[in-house]
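Ligands are counted one by one from 1 in listed order, and the atoms in each one are counted from 1 as well. The shown structure was predicted, so the numbers you read here are calculated from the model rather than taken from an experiment.
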Amino acid sequence: MTAPVTVRVPAKVNVQLAVGGLRPDGFHDLANVFLAVGLYDEVTVAPAEELRITCSGPDAAQVPLDRTNLAARAALALAERHGRDANVHIHIAKDIPVAGGMAGGSADGAGALVACDALWGTGASREELLEICAELGSDVPFSLVGGAALGRGRGELLTPLDVGGTFHWVFAVADGGLSTPAVYAECDRLREASGTGASVTDVPEPEASAALLDALRTGDAAALAAAVANDLQAAAVSLRPSLAATLAAGTDAGALAALVSGSGPTTAFLVAGEAEAEKVADALRASGTCRAVRVTSGPAAGATVLTA
Ligand code: C5P
(Lines give C-alpha, C1' and ligand atoms only; values in the text may rest on other atoms or scores of the structure.)
Protein backbone atom coordinates (compact mmCIF):
# COMPACT_ATOMS: atom_id res chain seq x y z
CA MET A 1 0.00 0.00 0.00
CA THR A 2 1.41 3.37 -1.02
CA ALA A 3 1.81 5.76 1.93
CA PRO A 4 -0.45 8.85 1.93
CA VAL A 5 1.09 12.20 0.97
CA THR A 6 0.31 15.44 2.78
CA VAL A 7 0.96 18.87 1.30
CA ARG A 8 0.73 22.14 3.20
CA VAL A 9 -0.43 25.20 1.25
CA PRO A 10 -0.62 28.84 2.40
CA ALA A 11 -3.34 31.48 2.19
CA LYS A 12 -2.63 34.79 0.47
CA VAL A 13 -3.39 38.45 0.76
CA ASN A 14 -3.23 40.78 -2.23
CA VAL A 15 -1.17 43.79 -1.14
CA GLN A 16 -2.02 45.38 -4.47
CA LEU A 17 -4.92 44.36 -6.69
CA ALA A 18 -5.12 46.68 -9.67
CA VAL A 19 -8.04 45.67 -11.90
CA GLY A 20 -8.14 46.56 -15.59
CA GLY A 21 -11.22 46.61 -17.82
CA LEU A 22 -13.52 43.67 -18.53
CA ARG A 23 -12.04 41.53 -21.34
CA PRO A 24 -14.12 39.85 -24.04
CA ASP A 25 -13.47 36.47 -22.31
CA GLY A 26 -15.13 37.66 -19.08
CA PHE A 27 -11.90 38.09 -17.09
CA HIS A 28 -10.06 41.29 -16.10
CA ASP A 29 -6.39 41.99 -16.66
CA LEU A 30 -4.67 42.46 -13.33
CA ALA A 31 -1.56 43.77 -11.69
CA ASN A 32 -1.90 41.48 -8.71
CA VAL A 33 0.77 41.55 -5.99
CA PHE A 34 0.34 38.40 -3.94
CA LEU A 35 1.87 37.78 -0.52
CA ALA A 36 1.54 34.30 0.98
CA VAL A 37 0.76 34.29 4.70
CA GLY A 38 1.05 31.63 7.38
CA LEU A 39 -2.49 30.24 7.48
CA TYR A 40 -2.52 26.82 5.86
CA ASP A 41 -4.72 24.08 4.49
CA GLU A 42 -3.26 20.58 4.54
CA VAL A 43 -4.24 18.29 1.68
CA THR A 44 -3.66 14.54 2.10
CA VAL A 45 -4.09 12.05 -0.73
CA ALA A 46 -4.18 8.26 -0.42
CA PRO A 47 -5.03 5.49 -2.91
CA ALA A 48 -8.75 4.63 -2.91
CA GLU A 49 -11.39 2.66 -4.85
CA GLU A 50 -12.68 5.87 -6.42
CA LEU A 51 -12.14 9.64 -6.26
CA ARG A 52 -13.63 11.07 -3.10
CA ILE A 53 -13.12 14.14 -0.92
CA THR A 54 -13.52 14.72 2.78
CA CYS A 55 -12.91 17.90 4.72
CA SER A 56 -12.34 18.76 8.38
CA GLY A 57 -12.08 22.07 10.23
CA PRO A 58 -14.47 24.71 11.57
CA ASP A 59 -15.72 25.76 8.08
CA ALA A 60 -15.79 22.22 6.61
CA ALA A 61 -19.57 22.26 6.09
CA GLN A 62 -19.20 25.05 3.51
CA VAL A 63 -16.70 23.12 1.35
CA PRO A 64 -18.13 21.29 -1.70
CA LEU A 65 -17.19 17.60 -1.66
CA ASP A 66 -18.03 16.91 -5.30
CA ARG A 67 -16.06 17.35 -8.52
CA THR A 68 -16.50 21.14 -8.45
CA ASN A 69 -13.89 21.21 -5.65
CA LEU A 70 -10.60 22.45 -7.13
CA ALA A 71 -8.76 19.62 -5.36
CA ALA A 72 -10.82 17.03 -7.30
CA ARG A 73 -10.37 18.94 -10.53
CA ALA A 74 -6.60 19.05 -9.95
CA ALA A 75 -6.40 15.27 -9.41
CA LEU A 76 -8.52 14.64 -12.52
CA ALA A 77 -6.44 17.04 -14.66
CA LEU A 78 -3.13 15.44 -13.66
CA ALA A 79 -4.51 11.90 -14.07
CA GLU A 80 -5.84 12.69 -17.54
CA ARG A 81 -2.53 14.13 -18.72
CA HIS A 82 -0.70 11.04 -17.52
CA GLY A 83 -3.21 8.49 -18.78
CA ARG A 84 -4.18 7.05 -15.43
CA ASP A 85 -7.20 6.97 -13.15
CA ALA A 86 -7.70 9.51 -10.36
CA ASN A 87 -8.77 7.02 -7.70
CA VAL A 88 -7.66 8.84 -4.58
CA HIS A 89 -9.15 9.86 -1.29
CA ILE A 90 -8.41 13.57 -0.87
CA HIS A 91 -8.70 14.88 2.67
CA ILE A 92 -8.59 18.63 3.23
CA ALA A 93 -7.74 19.84 6.74
CA LYS A 94 -9.12 23.33 6.28
CA ASP A 95 -7.79 26.28 8.23
CA ILE A 96 -8.02 28.99 5.53
CA PRO A 97 -11.32 30.95 5.67
CA VAL A 98 -13.79 29.63 3.03
CA ALA A 99 -14.93 32.01 0.24
CA GLY A 100 -13.04 34.75 2.03
CA GLY A 101 -10.69 36.19 -0.59
CA MET A 102 -7.66 34.32 0.80
CA ALA A 103 -7.43 31.71 -1.98
CA GLY A 104 -8.43 28.76 0.20
CA GLY A 105 -10.00 26.88 -2.72
CA SER A 106 -6.98 27.62 -4.89
CA ALA A 107 -4.70 26.34 -2.11
CA ASP A 108 -6.57 23.02 -2.11
CA GLY A 109 -6.20 22.77 -5.90
CA ALA A 110 -2.46 23.39 -5.77
CA GLY A 111 -2.09 21.08 -2.77
CA ALA A 112 -3.96 18.18 -4.36
CA LEU A 113 -1.94 18.58 -7.55
CA VAL A 114 1.44 18.44 -5.78
CA ALA A 115 0.23 15.61 -3.53
CA CYS A 116 -1.05 13.47 -6.42
CA ASP A 117 2.15 14.10 -8.36
CA ALA A 118 4.15 12.77 -5.39
CA LEU A 119 1.74 9.85 -4.65
CA TRP A 120 1.66 8.66 -8.25
CA GLY A 121 5.33 9.37 -8.98
CA THR A 122 4.19 11.31 -12.01
CA GLY A 123 7.35 13.43 -12.03
CA ALA A 124 5.55 16.37 -13.68
CA SER A 125 7.82 19.36 -14.27
CA ARG A 126 7.25 22.59 -12.37
CA GLU A 127 6.19 24.11 -15.69
CA GLU A 128 3.52 21.44 -16.26
CA LEU A 129 2.21 21.81 -12.70
CA LEU A 130 1.96 25.60 -13.16
CA GLU A 131 0.14 25.09 -16.47
CA ILE A 132 -2.44 22.84 -14.81
CA CYS A 133 -2.78 25.36 -11.95
CA ALA A 134 -3.53 28.15 -14.45
CA GLU A 135 -6.25 25.97 -16.05
CA LEU A 136 -7.83 25.44 -12.62
CA GLY A 137 -8.07 29.13 -11.69
CA SER A 138 -6.38 32.52 -11.76
CA ASP A 139 -4.98 32.32 -8.20
CA VAL A 140 -3.94 28.65 -8.20
CA PRO A 141 -0.41 29.13 -9.64
CA PHE A 142 0.43 31.51 -6.79
CA SER A 143 -0.73 28.96 -4.20
CA LEU A 144 1.86 26.59 -5.66
CA VAL A 145 4.81 29.05 -5.60
CA GLY A 146 4.04 31.08 -2.44
CA GLY A 147 6.38 33.80 -1.16
CA ALA A 148 5.48 36.97 -3.01
CA ALA A 149 4.82 37.45 -6.70
CA LEU A 150 3.39 39.84 -9.24
CA GLY A 151 0.56 38.24 -11.22
CA ARG A 152 -0.22 39.66 -14.67
CA GLY A 153 -2.80 38.54 -17.21
CA ARG A 154 -5.77 37.33 -15.14
CA GLY A 155 -3.31 36.81 -12.28
CA GLU A 156 -1.76 33.54 -13.47
CA LEU A 157 1.41 34.92 -15.15
CA LEU A 158 3.74 35.13 -12.18
CA THR A 159 7.00 36.97 -11.56
CA PRO A 160 8.50 36.14 -8.15
CA LEU A 161 9.26 39.17 -5.95
CA ASP A 162 12.00 39.70 -3.37
CA VAL A 163 10.78 40.37 0.15
CA GLY A 164 13.25 41.93 2.61
CA GLY A 165 11.52 41.15 5.89
CA THR A 166 8.53 39.72 7.69
CA PHE A 167 5.19 41.53 7.57
CA HIS A 168 2.74 41.06 10.41
CA TRP A 169 -0.97 40.74 9.67
CA VAL A 170 -4.30 40.39 11.42
CA PHE A 171 -7.25 38.99 9.45
CA ALA A 172 -10.89 39.51 10.38
CA VAL A 173 -13.12 36.73 9.07
CA ALA A 174 -16.63 37.89 8.16
CA ASP A 175 -19.83 35.89 8.47
CA GLY A 176 -20.52 34.07 5.19
CA GLY A 177 -18.61 34.39 1.95
CA LEU A 178 -18.62 36.59 -1.14
CA SER A 179 -18.68 35.22 -4.68
CA THR A 180 -15.60 36.32 -6.63
CA PRO A 181 -17.50 36.72 -9.95
CA ALA A 182 -20.16 38.79 -8.15
CA VAL A 183 -17.50 41.13 -6.73
CA TYR A 184 -15.85 41.61 -10.17
CA ALA A 185 -19.31 42.26 -11.66
CA GLU A 186 -20.02 44.84 -8.95
CA CYS A 187 -16.67 46.51 -9.71
CA ASP A 188 -17.79 46.76 -13.37
CA ARG A 189 -21.19 48.10 -12.34
CA LEU A 190 -19.65 50.80 -10.10
CA ARG A 191 -17.35 51.83 -12.95
CA GLU A 192 -20.27 52.07 -15.37
CA ALA A 193 -22.28 54.03 -12.82
CA SER A 194 -19.44 56.50 -12.29
CA GLY A 195 -19.39 57.17 -16.03
CA THR A 196 -15.86 55.84 -16.72
CA GLY A 197 -16.98 52.65 -18.48
CA ALA A 198 -15.81 49.19 -17.47
CA SER A 199 -14.34 47.51 -20.56
CA VAL A 200 -10.70 47.09 -21.61
CA THR A 201 -11.05 50.09 -23.91
CA ASP A 202 -12.26 52.33 -21.03
CA VAL A 203 -9.98 51.36 -18.16
CA PRO A 204 -6.21 51.97 -18.22
CA GLU A 205 -3.94 48.92 -18.15
CA PRO A 206 -3.26 48.01 -14.50
CA GLU A 207 0.30 48.60 -13.29
CA ALA A 208 2.15 47.45 -10.17
CA SER A 209 3.13 50.32 -7.88
CA ALA A 210 6.90 50.93 -7.81
CA ALA A 211 6.63 52.24 -4.23
CA LEU A 212 4.85 49.05 -3.16
CA LEU A 213 7.43 46.74 -4.78
CA ASP A 214 10.20 48.80 -3.09
CA ALA A 215 8.48 48.46 0.27
CA LEU A 216 8.32 44.68 -0.13
CA ARG A 217 11.99 44.55 -1.19
CA THR A 218 13.14 46.57 1.82
CA GLY A 219 10.74 44.98 4.32
CA ASP A 220 9.38 48.42 5.25
CA ALA A 221 5.92 47.93 6.80
CA ALA A 222 5.08 51.65 7.01
CA ALA A 223 5.95 52.15 3.34
CA LEU A 224 3.95 49.05 2.39
CA ALA A 225 1.00 50.37 4.39
CA ALA A 226 1.11 53.63 2.44
CA ALA A 227 1.05 51.76 -0.87
CA VAL A 228 -1.46 48.91 -0.40
CA ALA A 229 -4.47 49.20 -2.71
CA ASN A 230 -7.32 46.93 -3.73
CA ASP A 231 -9.51 47.97 -6.68
CA LEU A 232 -12.10 45.35 -5.61
CA GLN A 233 -12.51 46.91 -2.18
CA ALA A 234 -15.27 49.37 -3.10
CA ALA A 235 -17.19 46.54 -4.77
CA ALA A 236 -16.82 44.21 -1.78
CA VAL A 237 -17.95 46.96 0.61
CA SER A 238 -20.84 47.83 -1.70
CA LEU A 239 -22.05 44.20 -1.56
CA ARG A 240 -21.30 43.90 2.17
CA PRO A 241 -21.58 47.41 3.72
CA SER A 242 -20.82 46.06 7.22
CA LEU A 243 -17.18 45.62 6.17
CA ALA A 244 -16.68 49.39 6.58
CA ALA A 245 -17.14 49.02 10.35
CA THR A 246 -14.62 46.15 10.49
CA LEU A 247 -12.05 48.19 8.56
CA ALA A 248 -12.60 51.18 10.87
CA ALA A 249 -12.25 49.02 14.01
CA GLY A 250 -8.80 47.83 12.89
CA THR A 251 -7.65 51.31 11.88
CA ASP A 252 -8.85 52.79 15.18
CA ALA A 253 -6.85 50.12 17.06
CA GLY A 254 -3.61 51.20 15.36
CA ALA A 255 -3.29 49.07 12.22
CA LEU A 256 -0.88 50.63 9.72
CA ALA A 257 -3.26 49.71 6.88
CA ALA A 258 -6.70 48.14 6.55
CA LEU A 259 -7.95 46.56 3.35
CA VAL A 260 -10.26 43.93 1.97
CA SER A 261 -8.36 40.73 1.15
CA GLY A 262 -8.81 39.97 -2.56
CA SER A 263 -12.54 39.83 -3.35
CA GLY A 264 -13.36 39.65 0.39
CA PRO A 265 -15.15 39.50 2.69
CA THR A 266 -12.08 38.77 4.88
CA THR A 267 -10.40 42.03 5.87
CA ALA A 268 -6.62 42.36 6.33
CA PHE A 269 -4.74 44.61 8.73
CA LEU A 270 -1.03 45.28 8.35
CA VAL A 271 0.57 45.96 11.73
CA ALA A 272 4.04 46.99 12.93
CA GLY A 273 4.87 43.83 14.92
CA GLU A 274 3.61 40.99 17.10
CA ALA A 275 2.58 43.19 20.04
CA GLU A 276 0.60 45.49 17.73
CA ALA A 277 -1.00 42.45 16.13
CA GLU A 278 -2.34 41.26 19.49
CA LYS A 279 -3.70 44.74 20.24
CA VAL A 280 -5.49 45.01 16.90
CA ALA A 281 -6.75 41.42 17.19
CA ASP A 282 -8.21 42.12 20.66
CA ALA A 283 -9.91 45.27 19.40
CA LEU A 284 -11.40 43.46 16.40
CA ARG A 285 -12.73 40.66 18.62
CA ALA A 286 -14.23 43.22 21.01
CA SER A 287 -15.78 45.21 18.14
CA GLY A 288 -18.31 42.51 17.31
CA THR A 289 -17.83 43.30 13.62
CA CYS A 290 -16.40 39.91 12.59
CA ARG A 291 -16.81 36.17 13.18
CA ALA A 292 -13.18 35.29 13.92
CA VAL A 293 -9.75 36.90 14.07
CA ARG A 294 -6.46 35.37 12.92
CA VAL A 295 -2.92 36.64 13.56
CA THR A 296 -0.13 35.63 11.20
CA SER A 297 2.75 36.88 9.07
CA GLY A 298 4.18 36.63 5.58
CA PRO A 299 5.80 35.76 3.32
CA ALA A 300 5.11 32.04 3.70
CA ALA A 301 6.40 29.15 1.60
CA GLY A 302 4.27 27.75 -1.25
CA ALA A 303 2.91 24.20 -1.53
CA THR A 304 5.22 21.93 0.49
CA VAL A 305 5.17 18.14 0.80
CA LEU A 306 5.14 17.19 4.50
CA THR A 307 5.18 13.41 4.24
CA ALA A 308 5.85 11.04 1.37
O1 C5P B 1 -10.01 32.21 -12.33
P2 C5P B 1 -11.08 32.02 -11.33
O3 C5P B 1 -11.88 30.76 -11.55
O4 C5P B 1 -10.62 32.17 -9.93
O5 C5P B 1 -12.09 33.22 -11.58
C6 C5P B 1 -13.37 33.23 -11.02
C7 C5P B 1 -14.16 34.40 -11.61
O8 C5P B 1 -13.62 35.64 -11.15
C9 C5P B 1 -14.11 34.51 -13.11
O10 C5P B 1 -15.11 33.71 -13.71
C11 C5P B 1 -14.36 35.99 -13.34
O12 C5P B 1 -15.72 36.30 -13.20
C13 C5P B 1 -13.64 36.62 -12.16
N14 C5P B 1 -12.25 37.01 -12.50
C15 C5P B 1 -12.05 38.09 -13.33
N16 C5P B 1 -10.77 38.48 -13.64
C17 C5P B 1 -9.71 37.83 -13.13
C18 C5P B 1 -9.89 36.73 -12.27
C19 C5P B 1 -11.19 36.34 -11.97
O20 C5P B 1 -13.01 38.71 -13.82
N21 C5P B 1 -8.49 38.24 -13.43
Give the other cluster members for Leu256, using side-chain heavy-atom distances under 4.5 Å between Ile, Leu, Val, Met, Phe, Trp and Tyr residues; answer none if it is isolated.
none

Which residue pairs satisfy the salt bridge (charged side-chain N to carboxylate O under 4.0 Å, His left out) criterion with at least one member in residues 295-305, sequence neighbours excluded?
none

Pair Thr266, Ser261: side-chain N/O donor-acceptor within cut-off below 3.5 Å:
no

So, His91 versus Thr54: side-chain donor-acceptor pair below 3.5 Å or not?
yes

Pair Asp175 + Arg291, salt bridge at N-O below 4.0 Å
yes

Sequence neighbours excluded, every pair satisfying ring pair (Phe, Tyr, Trp, His ring centres under 6.0 Å) that has a member inside residues 124-165:
Phe34-Phe142

For ligand 1, the residues whose heavy atoms come within less than 4.0 Å (ordered by chain, then number)
Gly26, Phe27, His28, Leu30, Gly137, Ser138, Arg154, Thr180, Pro181, Tyr184

